[in-house]
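So the structure is just underneath, and the comments pick up after that.
A note on names: the letters A, B, ... follow the listed sequences, proteins ahead of strands, and every chain is numbered from 1. The analysis underlying the following values was restricted to heavy atoms, covering all of them including side chains, and did not include hydrogens, waters or symmetry mates.
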Amino acid sequence: NAGVTQTPKFRVLKTGQSMTLLCAQDMNHEYMYWYRQDPGMGLRLIHYSVGEGTTAKGEVPDGYNVSRLKKQNFLLGLESAAPSQTSVYFCASSSGTSYSNEQFFGPGTRLTVL
Amino acid sequence: GDSVTQMEGPVTLSEEACLTINCTYTATGYPSLFWYVQYPGEGLQLLLKATKADDKGSNKGFEATYRKETTSFHLEKGSVQVSDSAVYFCALDTGFQKLVFGTGTRLLVSP
């Protein structure tokens, strides 16, 4: 099992450009999440999904969109990148059951917006 | 809202020293509590968890006890190793499958 994978690993964008980050999991998990990690702020939830075809806003959703067309994939889009979106982005997944709510994380994508 | 507060780092220790990283939380209801660890260049991975008051989570020599009366979940290890150098995150889940993380504490262990 590969677990949770993310592509790309690194990306540099110019202000105003768009991009999509891809997250894939092979554990048949229902729930998937996108976080951003910034120095001194821990991880903050951007968007999440409780199943195929569903998405919901997290703590810091502005400037991002997501889609969950297939159960195993969760895409994070930036339509018009801004320097404030420079961060490390982590995807995670969990089974969604009450007593197995461990989240499994991908290795992260380091995004720099110039 | 729900929140997690953990001690600022870095925490610098010599090998075989004792470790305590403090974590306190504010939450409505009865959250599950977690410690996640992030090794350099990697994503987070679960270290241990506790789902109700007085539960003790343990793994790889690390322990944490869910203290409802003090709303705390401090991470402890009796003898740290260089390989324990990482960033440690305390987190809570109030039952909606969403985690609230602390800011992280970097641990540096020297030989």
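No other option in B:L46, B:V4, B:D93, B:V100 has as many heavy-atom pairs under 4.5 Å with chain A as B:L46. Of all the listed residues (B:F34, B:Y36, B:F89), the one sharing the greatest number of non-hydrogen pairs under 4.5 Å with chain A is B:Y36.
No hydrogens or angles considered: a donor-acceptor pair under 3.5 Å links the side chains of A:Q37 and B:Q38. No side-chain N or O of B:E16 forms a donor-acceptor pair with one of B:S79 less than 3.5 Å apart.
Residue contact with chain A, scored on non-hydrogen atoms closer than 4.5 Å, is absent for B:E8. Neither the backbone nor the side chain of A:E59 comes within less than 4.5 Å of any heavy atom of chain B. Interface remark: A:L43 contributes backbone and side-chain atoms alike to the contact with chain B (heavy atom separation under 4.5 Å).
Between B:W35 and B:C23, the closest side-chain pair of non-hydrogen atoms falls below 4.5 Å.
Note: A:F104 and A:H29 meet the aromatic proximity criterion, with ring centroids under 6.0 Å apart. Taking the six-membered ring for Trp, B:F101 and A:Y35 have ring centres closer than 6.0 Å.
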